[in-house]
Structure formats: structure tokens, C-alpha cells
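Here's the structure we're looking at; comments come further down.
All figures in this text were calculated on a predicted structure; none of them were measured in a lab.
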Amino acid sequence: MSAPAAEKIFGRPESLKDVATHYCPGCGHSVAHRLVAECLDEMGLREKTIGVPPVGCAVLAYNYFNFDMVEAPHGRALAVATGIKRVRPDSFVLTYQGDGDLAAIGTAETIHAANRGELISCIFINNAIYGMTGGQMAPTTIIGEVTTTTPGGREAKAHGSPIDISRMLAVCEGAVYIERCTLNSFKGIKQAKKAIRKCFQVQVDGLGFGLVELLSPCPTNMKMSPKQAWQWIDNQMMKTYPLGLIKDTTGYEDK
Amino acid sequence: MSAPAAEKIFGRPESLKDVATHYCPGCGHSVAHRLVAECLDEMGLREKTIGVPPVGCAVLAYNYFNFDMVEAPHGRALAVATGIKRVRPDSFVLTYQGDGDLAAIGTAETIHAANRGELISCIFINNAIYGMTGGQMAPTTIIGEVTTTTPGGREAKAHGSPIDISRMLAVCEGAVYIERCTLNSFKGIKQAKKAIRKCFQVQVDGLGFGLVELLSPCPTNMKMSPKQAWQWIDNQMMKTYPLGLIKDTTGYEDK
Amino acid sequence: MAKGYIKIDRDRCKGCHLCIDVCPRKVIEVSKELNKTGYAPAQFIEKPEDGKGCTACTMCAVVCPDLAIEVYRAK
Amino acid sequence: MAKGYIKIDRDRCKGCHLCIDVCPRKVIEVSKELNKTGYAPAQFIEKPEDGKGCTACTMCAVVCPDLAIEVYRAK
Amino acid sequence: MPSEKKLMRGSDTLAEAAVRAGCRFFSGYPITPQNELPEYLSWRLPQAGGTFIQAESELSAINMVLGAAATGARALTSSSSPGVSLKQEGISYLAGQELPAVVANMMRGGPGLGNIAASAADYFQATRGGGHGDYRTPVLAPAGCQELAELTFLAFDLADKYRTPVMLLGDGLIGQVMEPVVFPDPIDPADLPPKDYILDGCAGRAPRAIFSMLLGQQGELYKHNLHLQEKYEQITADEQRWEENLTEDADIIAVAYGTASRIAMSAVEELRAEGVKAGLFRPITLWPYPKQALRKLAQGGVKVAVFELSAGQMVEDVMLSVGERAEIHFYGIPGGVIPTPADVIDFLRSALKGDGKVGRRVEI
Amino acid sequence: MPSEKKLMRGSDTLAEAAVRAGCRFFSGYPITPQNELPEYLSWRLPQAGGTFIQAESELSAINMVLGAAATGARALTSSSSPGVSLKQEGISYLAGQELPAVVANMMRGGPGLGNIAASAADYFQATRGGGHGDYRTPVLAPAGCQELAELTFLAFDLADKYRTPVMLLGDGLIGQVMEPVVFPDPIDPADLPPKDYILDGCAGRAPRAIFSMLLGQQGELYKHNLHLQEKYEQITADEQRWEENLTEDADIIAVAYGTASRIAMSAVEELRAEGVKAGLFRPITLWPYPKQALRKLAQGGVKVAVFELSAGQMVEDVMLSVGERAEIHFYGIPGGVIPTPADVIDFLRSALKGDGKVGRRVEI
Amino acid sequence: MLVRTQFAGFGGQGVLLMGYVLSNGAMLKGLNVTFFPSYGAEMRGGTANCMVTLSDKKIASPVGSQADILVAMNGPSLDKFEPTVAKGGLIVLNQSLIKWGPKRQDVEVFSVPLVDLAREAGSERAANMVMIGAVCAKRDLLPLEDVVKGMQAAMKGKDKFFALNTKGIQRGFTFAQTGK
Amino acid sequence: MLVRTQFAGFGGQGVLLMGYVLSNGAMLKGLNVTFFPSYGAEMRGGTANCMVTLSDKKIASPVGSQADILVAMNGPSLDKFEPTVAKGGLIVLNQSLIKWGPKRQDVEVFSVPLVDLAREAGSERAANMVMIGAVCAKRDLLPLEDVVKGMQAAMKGKDKFFALNTKGIQRGFTFAQTGK
Ligand SMILES: Cc1ncc(C[n+]2csc(CCOP(=O)(O)OP(=O)(O)O)c2C)c(N)n1
Ligand SMILES: Cc1ncc(C[n+]2csc(CCOP(=O)(O)OP(=O)(O)O)c2C)c(N)n1
Ligand code: SF4
Ligand code: SF4
Ligand code: SF4
Ligand code: SF4
Ligand code: SF4
Ligand code: SF4
Ligand SMILES: [Mg+2]
Ligand SMILES: [Mg+2]
């Protein structure tokens, strides 16, 4: 099927190694990885980047991303990243965190890094579940969602309500850009990439803390096909987590 | 100066032991203790109450309050209180926490207890400082405030901005009542008492998590006279932390 | 005659003097003698010069951090 | 003639079939043979029945989680 | 009436045994290899009228347990190595406040994130107190599901008896293996002896306070510590547990606990089949360590061969027990690799020969 | 050029020495009795072009240090007992990821909240790893401000040399006492040997990754652990430090470290003045423990008298060093009471007589 | 008597269930049994395995130096576990997926055309039941009725599968006993 | 020579500063010195104390079994520390606040009318300087100029107090040497 005079218009970004990942079929992590890599490539940041993947399904991200990385203990990504950025202010520092990591065990680290206005870009993969450990309730698990620790579905009274950490972070002065996007559609992915770029720009411009929340399918733990997982995000998850800009004090001209 | 036919109209509530406290002259903790005790008395809750003072200047509160209490490790008051309330849902459970405790080391515990909508009443003493350890910057320390770890005054860039944890908590579904009051005036103290009563009522009625934030003078660490400390709250602290109702989904008729 | 009076527990008082500031009738003053703990306590002026005296408004007691003040209303 | 075409890396493909769902031209299908890892990979339909074929819209590649698709535009 | 025999996974066994032992409160945070335990309790505890909370972190979990214990509930938390490290402050508080609780650690490979295979490298942490201050926690090390069920009951009993946190020390294998289990009779929490220190509201009595800060200038903390030490001496005197297998006539005695002891026992059996006089000493309480019992065996030229799923931690207790009374050899597998009986056979043979090929001789 | 002599508090000494040793990153959370240290660094580090961060917790602090260390900075965190318990997971990660850092613990009375007086009850935690997994950290125990200054330099050097977290173990007294100090020459971080593992962006080289998870089925974690153990053996062989005072002709040798050793030395001096042949053995590295050095002294009927500000922790290392070569006596003061030389004199006298009146005989 | 059986294959092949059925059957027959599954991240990448140990005496180690029987449901599993089989042991192969045989000469090899047999039993989804039947029959681990009892215990509450599964187990027994 | 001096009093009385001045003076004179203050929560409730140890040899313990000198700035401090003074030791009293004497008979007692002397020196705020001067003179701990040097080192940057403080120290010396 080779055509002599064809132009490759979609291929692998340099910031991503040419290896297979361990992610399950249809997993949003894989897509998010690519978007991050594409943005770094396009912005020429790869060689300045230090990434911090904490524990979660993406703990092995250092096997896939083609730049410097250090594993953080579960929940501590933003503390580790703070140490890095303060020592090397010229580096581009990003964390790549799951919802359990960022909004449960790491709540304090997340909020205080944002509150300090650390010049860090945070990619927040909200799949409403603890992926790596096998599908327990996450702080972001939505009401009614069945998980291995909410076998009857999450109930607000017994298990608490899904946490909207992005909106909480918006209260922090130091957080200047927060947007919620999704990875369950072509359009969503396109928009997610725009948001990631903008988030990175915020750090490059030294404005403050930036975060992009990505609604992300975890077909394995939802016990769904990838397609069903996409639909579930549309029909269920977005009700709890409406897409859109949550905070923007960057002063950038709209895009 | 004894007058035969005089009526005592202000005295010690039963929920407070008749002992001297270790608090410094003019300290807001002492006032807050009394308000809590008065409300418990008035609402007939003393014998059902279990209080949780974590580490901070009020760690010895069990020496002053006249009801059951358990010391919590620094920052963990709301986790300890959760354990108590879940085992004894008929008890009245309150935490009494400093700003360092509640909004720094205990951030995660605070947010998740609120988010779970635990039926707990939280008294939050915001004195913008770490009192017990000798005046280090607290998460709530305001911009420009001199502390032993911000000798040049707090700067947003280096130290982060003062955190408005009450507004963050308002994002949590489970938090149904949050109000900010102050202890630096007669009027303020009166209003604070009203808020505490309402907060307690929220628990009695099983509505969700309630919190009253009290701006509180720490003359010792501010290196001010009690009067100056009062003025400082008026002139400085309230700019960062405006008084008033922050969230109320109780549906109570106005008070 | 004064409508009320207060009792100050000298040895509970920590000398913060907030009561003195808030008293609308200015019927509280700083004692010249230190108390047991070494503070200069507040003391009630039973017979103020203007003859008006305490109204039992409780403001002093409400602001007193150390519960050193009891307020009585004359019947 | 088709404006473009795609290449699917059979062995990188994890058989999620999201590309098949999004392709507006329906020129991707499930392969009958499993790949090395045991998944049923997607495969490109070079010559679809309606004769229109791939437009190089990249939708399949954008949604592909495993970077198994490269898109080429005919020049 | 004991339950009927059921094939059960270790984690589920612990969970079910806890409920039957009267535990009515669990709080934990997911971590492999013990996730089945909270998953089981997430439906089982509510069924039994108890509370299951998935906490936002291990820190929160241990402190919820502290609160539950303060109100008198039998309370459990569970985790695996990194998560247990995070609980150390809380365990120290529980010890200082003299509150009973059971903490399960299904150890995995470390340090750091390590891996999720069975390991036993948290022995020091468990037996010496990874937290701060002079405290000790009884540590029970089951070697199989049936014993796990029984030791879970014991853990809650010891916790209440001595008002202390108790550790159940398992590992990835114990957590995951399935074996037939018969559970002891269930205990109704209402039938447990009342506790006179708990918080339940001060109606009709003076208020109580539970705390660990003792600032007094009269050495209050010192006195409290002497009290704790007396308690620990009592536990040391009364609560040592161990098992001896084929030790009477042994030329070499393997010392191992938990999963390692199972593997070692297979090795001992195979060696016996070949006529080698091997035996096994299996500590069940790691603290208090069955020091005298082991010492008694260390005589008459017997060799002591310590086998651990670690780089060498329990071996210190063996040295402190045996002293120079017998030759001590050590073989350890750190880092989440599960060895086979053949590895242990090689070790025991090498130790007997003294050729130093597998493991090493250790000396005080 | 060394500094001029200045009267300095221990906490300030550590802080100033760290800056002079090239430390450019500190993160910590307030806790008595070491608050002066972060307070000092809050102005001193920025002055030196470094970063001071008051973290939101000890957990965050140790992990900020992890990040700073990963980028190559000499990094310090400091706390006291409960706060150090919270750092245990992070320390285990640092060990697993082989990142250098210095962790200071100014121990206070425990367990739980305890009190803020000098104590030494975190010996086990420091020397055995309160965190999970098979790791060890070098532990340096200064006995005075001048030594504290020097050991702070050493701590950073050892950390870099062995790519390991190093603990500085002080206590409330060491942290608060003021003594004249002369600081060694300051080190410019730019002059330190380059580190080939750090993260500074992959321009012109392959990307690097720093991690501790080793899931591979080929025993990757096992191999990593063997590597770590080799390193620890190296440290054990090369880095033992101790001090002997009046031990040559001694009939009784006190063994004590840190603050306890100061008190013990006063006791020894007073006893010598009375003609009693007492001496002092003072371990400076608690891990690796100066085992052979102590053992060498344990002969000819000398008695070994262990004195600790705890209920008995280092005494295990003494037992493991001395074995049955000498009589070992122990006297411990747990819980934040500072004993006086007179207490130790009583103990040494009692141990000499063997009347068991103060302290107790311990035996393997 | 002490028999260790290693089951290995893809995640979707019901590998753990085979072990679980065998374990339950053995327990119900009064044997001692241990079942040790692979778990967690080990299972990512789609592989699964477990070791079942049966004995009439107390079982010391739930993991063995060697397996007496290896049940290999796919090629990679055969490659991985072939070396761990004891001399004279048995390797049972899923012939439908494994096209090449083991390299070992010192073991017995028994190939089972799983997919075909399962189809005969009613559905491809019964393949693992066919296999467990074949294995038990081949080495006389358990009589047919105990395997069926084990299956019923293992799948408690999923009664609707009992009939199909029983057929699968029977088909495996028949094949092992008759070679067809 | 090894002298341990215990300073004790209210928080506001400059107790720690006295010890710090003495320590600095001793160091500048070339002596070995340790200064151990009370700290943290111990200081709540308004009390403060510290122990200064001076020696021409290396100082072993910074805390002693006994104090050679006790400087008691108020009654409670005297009560608390009186028993810790060595036989034949010295107790220096702030006569302006302590109306009763120590119970001990085996120690020397030296009462200093601090407030009066400080006023004479220029201000009540120099009371602690008067005291340190008196103590140093009484037991010949340091010559006047070394105490002054110590004060200057201890109060580095606060030069405006030097003159008053020096006068205070001098006044203390004079009182100790002349009894008036
Ligand atoms: C201290 C600690 N606690 C728990 C774990 C186990 N653990 C690993 S990842 C994880 C949660 C993963 O969920 P999330 O952060 O949402 O990431 P995902 O896998 O869903 O992408 C947990 C609980 C751990 N490694 N360390
Ligand atoms: C784990 C731990 N870290 C630190 C401390 C020390 N500490 C005690 S109270 C406190 C902060 C007190 O500030 P806040 O909570 O605002 O209470 P306040 O004293 O101002 O009322 C700190 C840091 C501790 N006890 N435990
Ligand atoms: S478990 Fe979920 S989040 Fe993890 S790799 Fe699989 S699909 Fe992705
Ligand atoms: S230090 Fe501040 S908060 Fe603490 S008791 Fe004194 S005035 Fe109150
Ligand atoms: S307010 Fe109370 S404590 Fe303050 S001076 Fe008046 S009586 Fe004393
Ligand atoms: S009651 Fe009112 S008038 Fe009377 S003393 Fe108090 S403040 Fe003054
Ligand atoms: S989207 Fe990618 S991985 Fe999924 S089926 Fe298509 S080519 Fe395969
Ligand atoms: S590029 Fe567009 S048209 Fe072509 S295969 Fe992909 S989705 Fe279909
Ligand atoms: Mg997740
Ligand atoms: Mg505060």
C-alpha cells in the first residue's frame, strides 16, 4: 500500500519512545501520553523537560516518554516536582497523575503546590477509578458507579460525593489555568491537546500553576469495551464533571 | 461588692472546667473554648459530646473542656473524628483545629471528611500563624506578615498565597454549612457564637459537615499587645479573609 | 445607681486588658498590684467618678478570654 | 481515487477498535487473524466497495490509543 | 459453632476472621497485594452492622482506626509495605495512647515502590517499631490461611488485653494463596468485656481524655514509659508463640517464619526423606520473639540456619537468642523473589557442610 | 578558611554547616525542638542562592527533598520524632532510588506526641530503617555543636559518595544547647564532583529515569537489592566512627552516644577523680555500628555499661558486638527526662558491684 | 502423595478458574490443597498462572521447586514454564493454540485439541473445563464427580453455567481416557 | 575549674539573655562554655531557665547533677531550683521580688536589690545586666571587661543598649565588690 508521492501527516512524536505500552486496549493514558509528547515536541520543550509520574497505571511512563523522569511515591508528585522546579527553574517540569494520586492520597500536595503557584504543569488523568490496584473507588468515582470497594455502587452517604478537585484548586491564587477536557472523542482529544499546550505555555511564561484534567476511559476496570467506556464518559461522567474552562487568569487572548 | 438581690447573668458554662488555661493573655483560643462550651450547654449536648483536639496550642483542650476528648496526631483530627462518629453515630463529635493543623498538614483529612459529608462539627481557629511551635508561617499567614520563617514577610512568589480553605471546602457537596467569623470584637464574638450554634445544629439534624472559621488573635507570636492583635485582624487579616457566610445549604430559615 | 456590677477573678485574669478597652462605661482599670501569676490584672471600679457605673452590658465578660469576669444585674 | 491512506502497525494494535468506530469512511475493519500479542487488530480497507476510500482525515490516528496508525496524504 | 471448611484466599480469610472476631470498623487505602481484603470488607462489614471506609490515604486510615478504637470498637486497618510506612506515626500514637487496634501488613518487595511479590523485609519495622519512641507492638506471623484465621482472633484479643496495637505480618503469598479454612465461632462485640477507658459521652461519669502528650515537669512521660515497659515485659513473658518441627534429633534447625517457613518446611521434609536430620523452628510471635525456646534448641552442636525473604533482619533476633551457643548461618532473598524449596535445601546442605556456598555464616 | 569561633545553638549550627557544606535546598515542617533550624535557613539559604521551603507537611518535605536530590542539589530536611515517622516512606524511596539526602532528627520524648525534651528513643527507627524494605541509612550522632558542624559536612559527603539518604541523629538538647563552633571551609556546590545520574533535561544525551519500582520477572528487584546490600557492606567496612575515652585500663566502660555520652563522660570523669577506672566508648556512627572496635574492648573482665535516653535500643547493637565476651549492663531513661551525671555514676557503681540496684544486667 | 500442577495461559482463558475448580474438588474430596495465583501487575500484559498443590498430608510449601504437571494454554506459557516441570512430569498442551511441542524429552506430553472438544461439549467457552477434566483424568487427580463438585463450588451462584461446564469436564475425561 | 550556673525566672526578666551574655563573655575569654536554655512549651506559663557551664577544660555534660550557682529572679524559681544547688554553692537572689530566703543552710546566699540598682544604673530594664555583673563579680567568674564584651557579642546589632547595659553590669560589679 505504499504510495510514492505521499506525505506522512500523522506519526509518532519524538517525545514518545517507539515502544509498546503496558496500558490496556482503549486506555486513555495512552492517548494522553501522545498528546503530552506532541505538545512538548511542538513547543520544543523535550530536552528541558523533567517529568514526574507517581504510582498509578502510569508509573512506568518513564519507559514511554522520551525525556528525563523521576518516579514519585504515590500522591507526592507535586512535592517532588516542586523540589525539582525550585532547584532548576529553567527546566520544564510536569507531573502526570491519576485521580487517586492527585485527589486522594496526594490532596495536600496538590492543593499546596497549586496554592504556592509552583511553575509546574499538571496533567490530571481522571478515570474515576483506581486503575492500577484493580478498580477500587476513587475520590472521583461518580455516584452509582460500581467499583470493587463499592460493590453496590457509590453512595454519597456512605462513601462521600465525587470530589471536584479542579474546582477546588481554582480557589488557589497560585493556580492560573485549569481546564477540564475529555479523551473520549475525536473532538475531545483535539480540545485536550489545545488545553495541554496552553497549560505548558503558562509554565513557559512563568505565570503560575496550570492543570488540565482529562476524563479518561478505563475499560478494564469499568468492565466495558473501549467503545462502551467512551459512551459511559459521555452519558455518566460528564454530568458530574462538565467539560470546559474552570479558571483562567493568564490574560492570554482567547484561542 | 456583694449585692443581695443581684442576678448572675454571665458565668462559666458547665462544659468548661473551672481551671486556668495555659493560653497567653488575649489569646483567641480561650474565647473560642468558652463559646463552644456555652453552645454545648445551651443545646444540652455536653454528655453526648466527644471532642478531638489535635496538636497545636489547643492540644491540651482536654484539660479545659468538660466532656470526653481524644488527642489526634497533628493534622488528623477529622480522620480520628470520622472513626468516632462512624462507630458512635449518636455521639456529638467536634474537632477543634488550628490553621496549620487543618489547612497544612491536615489538608487531605479536612477536605475528604468534608467531602464525605461526615456528620462532624469543625471549629477552625485561624490565627494566621503556627502558635504552638513559635510563630512560623501558617498556610493562612497573610501577604506581608512577618513570621519566624518569613522574616521578610510572606511573599506570594516564594511562599505561596494565603490559603482560603473554607472557600475550597465549600466546593464539597458534603459540606453544608461554612461561615467565617471573628473573635476580635464584642460583636464578632456574638456572631461567632451564633455560627457555632448553627454549625452544631447541622450535626444534630444530620445534614452534613459543618465548619466555623474563627479569625483569632495570637498576640504572642504577632509580638503585639492583645489590643493591637485585635486591630491587626480588623485592618489586615479581614482583607484576606472577609467575614460572612461562605456556604449554607441547610435550608434553615434565616437566623 | 449602677444597674449592675462585675466580679473579676484577680488570679485568673491574665492582664490582657481587653475588657478595659470594651467597657462602654470605663469602669474597669488596671490594678497596680500584680497577681499571683505575675500579671497586672484588671479591676472593677465600683464607684466611678461620674457616678454612673456598670450597666451589666456583659461586653467585658464576652470579650474576656479567661473567663475572669462574672456579670451581675441588680434586681 | 482516495485522497489518503493509513498504515496500521498490526502488532502494536491492541484491538480496541475505536478507530473503526470513528472512521467516517468506514475503511477500517477487524482483522480475522490475531496478532502476536493475541489481539484482533484493526486493518485498513484499501479498496472499499464504494470506491471512495480514506480522506486522510486523521480521526482514526487521533483516537488510536496505541499510536498504531500512521496517516498519509496523497500528493 | 465453627464454620464449614471453605477454600479461601488469605486476604479474604483475614477479613472474614476479623468480622467474626468482633471487628466492626475497617479503614484502609488500596494497595497490592492486599486489595481483596478491603474489597471483601466493603460488603461484609456493612452486612455485619459495621463500618467500612475507604480512606483518602493510609495516614487517614490509621487515624480513623484510632478514633474508632477510642470509642471502643474492635478496629482493623490493612496495607502493604509503603502504606505501612505511612502508618508509623499513627501506630506510635496508638501505642502511646494505649489504644487497641490491629494493623495488617501484607509485605511486598522494597525498598521504595519495589514490587508486589511476597517479601519479608519489614521485619525490623514491625518488631522494632518503625515509628518513634519506646514502644513495641506484638507481631503475629501466620504461615497459612487456617493459622491466619486463628491469629486474627488472637490479634484482637491481645490488642484488647494489653491495650496495644498488634501487627499481623503477612506477605504477598499469604495474602493471595487459597487454602481450606475453618473459622472459629463468631464473637458478638456486645459480649466482649467492657472497656473502662473508652469515649462514649460523659453522661453519668466524669469526662475522659485519651492522649499521649505528657508535658508535666514531674516526669509524667517518663512514668508513662515505665508503665509501657512493664506492659511490654508482661507481654514478653506471657505471649511468646512458636512451633517446632522435627527439631528433637536435628543436626540442623532452619529458623523461618511466614511464607519462608512453609518453603523451609518443604525443604526439611525432602531432606528428612534423604536421611538428613533437619528440623524447623518457626516463630509465630516475632515480637515477643521466642528467645528462650530457640536458645534451648541451640546446643549439642546443632547448627541454626536462618532463612528469610529479606537481606537479613530476623537473623538479629536469632543471634540475640542463640548467642555463641550454636553456629548460625543465614540465607536471605531480598526483593520480592519467591524462592523454592530447592533453594533452601541447597542452603541447609551448604550450612551443614560449612562450605559457604549458599548463604553465609554469621557471628556475634 | 574556617570561620571564627562563635557561640551557636545546635540547630543553627546544623543549618549553617549545611549551607557551608553546599546544601542549597531545604524543605521542612515546623516541630519543636528543631524549629530554629528552618527558621535560620529561611533567611540563610536565600542569601546563599538556595531554596528554603516550608512544606505543608513532613511528607511533602521529604518528597520535595527527593525531587531536589534527583536534580543534583545537596538537599536537607529536618524534623523531630513524630515528623520523622511521617518521612519513613520517603526515606525508603530515597534509599531505593539511590538518591543522596540528609535527614536530621532532633529526637523528642515519645511515643505519640510525648514531650519535647531530649530523648533517644528513635534509635531503632534510624538504624534499622523505620520504613519498608531492606535498606539502611548511615546514621551520625553528634555529641556537641562543634562535632555537629563537622558531621553535617560528613553527612552530605557520605550521601553523595554512596548515593544514599544519611541521618543526623540529634535530640532536644543537642538542638538547643549553645557551644562555641568553628565551621570548616565553605564548599561551593559548583566545585562538587558532577553526578552522572541526575535529571537536568536530556539535551545532548539519552533521557534518564530515576525509579524504585522493579517489576521485571527476571528478579530485577532482587538484583537491585543485592546491589544495595553490597553498598551497605562497603559502608559497613569503611565508615565506622567512634571515640574512646579512658578505655585502655578501664574496669568498666560506659557505652553511650549523643547527649547521653556527654552525661556519661561527666560521670566517668567524676569516677576517675575518685579512682574508679571508668571509660567511655562513644559510637559516632550508629549505623554502621562500630562493632569490632567495641568488641576489642570487651575483654579481660571489663564490664560494659550501656546508657541510653531510651528504654533500651542501642543495647541490642552492644549485645551483637560484645556477645558473651563481657558482662553487659543497661540503664535507660525513656521519655524525655534528662538525667544528670549523678544518675550515671550510680549506674556505673551499681554495675561494677553487680548489685542490680540501678539498671539491669542483660544477657544474650 | 503430593502433586503440584502449574496452570498457565492468557488472561481470558480461564486459567485461574481451572486451578480454582481443581482446588475445590480436591478439598471436597478431603485432600489438603493450596492454590497460589499470580496477581496484580503480574497479570498485566494478559498472562495468568497459578499453582495448585494437592496432598493427603499437610502441605508445607504452596510453591514448589518443580511442577509435576504443567497445563499450558498457549505458546508463551509453555516456553516460560517448560523448564520448571519435574523429570518424568506431565505437560498438558492446548493443541488448538500451541503448534509446536515442548523441547524437553524427559517429560510426558499430552496434547488436547481444546477448541474442537469444547465445541463438541457445547461451546468454545467450555475449553478450560475440558482441560481440567482432561488433566484430572490423565493423572487420576480426582474422579469425575469430584471435579464437577469442585466446579460447582468454585462457581457458586452461577448455576446457569453448570450444565455446559459439566459437559466440558466430561468431554475432557473421555478424551483423556479414550484418546478421542 | 568547672562552674555550673543555673539562671531562672519569669519569661520577661531576660533570664536567657543573662546566660547568653555570660556564655559569650566566657568564650571570648577563651574558656570552654555550654549554654542550655529551656525551650518550647516548657516556656509557656512564663517561666524560663538556662544552665551555663564554664570550664578551662573540655566540658563533658552541658547539664549537671547540681548547680554551683543559682540565680533566682523570682520566688517560684527559687523554690524549684533551690534543691539542685551544690553544698557550699551560691544562691543569688533578686531581692526586689523574693521576699523570703532559701531554706537551705549549707549554701551561701547573696541578695541583690535589683530594681533599685538598675534604677541607679539608668533603667529598671537593666536589671538582668546588674544581676549578671553581680554574679560574675561575686564568684570571680569573669572580669568586668569580659562581661561587657560578652554583652556586646550577645546583643550584636543592638548597639543602642550597650551604654545602659554596661552601666548595669558595672553597677552589679560594684555592688558585689563593695556591698553597696
Ligand atoms: C503509599 C501507597 N499507597 C497505595 C499504593 C497503591 N496504589 C498504587 S497506584 C494507586 C491508585 C491508582 O489510581 P490513580 O491514581 O487514579 O491512577 P490510575 O491507575 O487510575 O491511572 C494505589 C492506591 C502505593 N503504591 N503507595
Ligand atoms: C507530625 C507533626 N508535625 C509537626 C508537629 C509540630 N506542631 C505542633 S502544633 C503545630 C502547628 C500549630 O499551628 P496551628 O495548627 O495553627 O495551631 P495554633 O497553635 O496556631 O493554635 C506544629 C507544626 C507535630 N506535633 N507533629
Ligand atoms: S487498568 Fe484502566 S487505567 Fe490502567 S491501563 Fe488498564 S485501562 Fe488504563
Ligand atoms: S501562642 Fe498564640 S495561639 Fe498559642 S496560646 Fe499564645 S496567643 Fe494563643
Ligand atoms: S479581659 Fe479578662 S483576662 Fe483580660 S484583663 Fe480583663 S479580666 Fe483580665
Ligand atoms: S458589664 Fe458592661 S458596663 Fe459593666 S463593666 Fe462590663 S463592660 Fe463595663
Ligand atoms: S485504535 Fe489503534 S489500537 Fe485500537 S484498534 Fe485501531 S489501530 Fe488498533
Ligand atoms: S484517516 Fe480518516 S478516513 Fe482515513 S482511515 Fe483514518 S479515519 Fe478513516
Ligand atoms: Mg484513576
Ligand atoms: Mg494557628
Proximal component of [X], with respect to chain A [non-hydrogen, under 4.5 Å]:
X	result
Arg24(F)	neither
Ser27(F)	neither
Ile53(F)	side chain

| field | Any side-chain heavy-atom pair of Ile123(A) and Leu211(A) under 4.5 Å | value |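 SC-SC contact between Ile123(A) and Leu211(A) ruled out.
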| query | Does atom CD of Glu173(A) have more than 12 heavy-atom neighbours, drawn from other residues, nucleotides or ligands, at distances under 6.0 Å? | reply |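 No.
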| query | Between Asn63(A), Val93(A), Val70(A), which has the largest tally of heavy atom pairs under 4.5 Å with chain F? | reply |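 That would be Val70(A).
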Heavy-atom proximity to chain F below 4.5 Å, by part of [X]:
X	result
Arg88(A)	side chain
Arg116(A)	side chain
Val55(A)	side chain

| said: Nearest 0.5 angstrom please: Ser212(F) OG to Glu71(A) CD, how far? | reply: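 That separation rounds to 3.5 Å.
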| message | Tell me whether Arg163(F) forms a cation-pi arrangement with Tyr197(F), defined as NZ or CZ under 6.0 Å from the six-membered ring centre and within 45 degrees of its axis. | response |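 Pair Arg163(F)/Tyr197(F) counts as cation-pi.
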| task | Look at Glu118(A) together with Lys85(A) and state whether they make a salt bridge at an N to O cut-off of under 4.0 Å. | result |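 No.
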| field | Tyr64(A)-Tyr23(A) aromatic ring centre distance below 6.0 Å | value |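 Yes, the ring of Tyr64(A) comes within the 6.0 Å limit of the ring of Tyr23(A), centre to centre.
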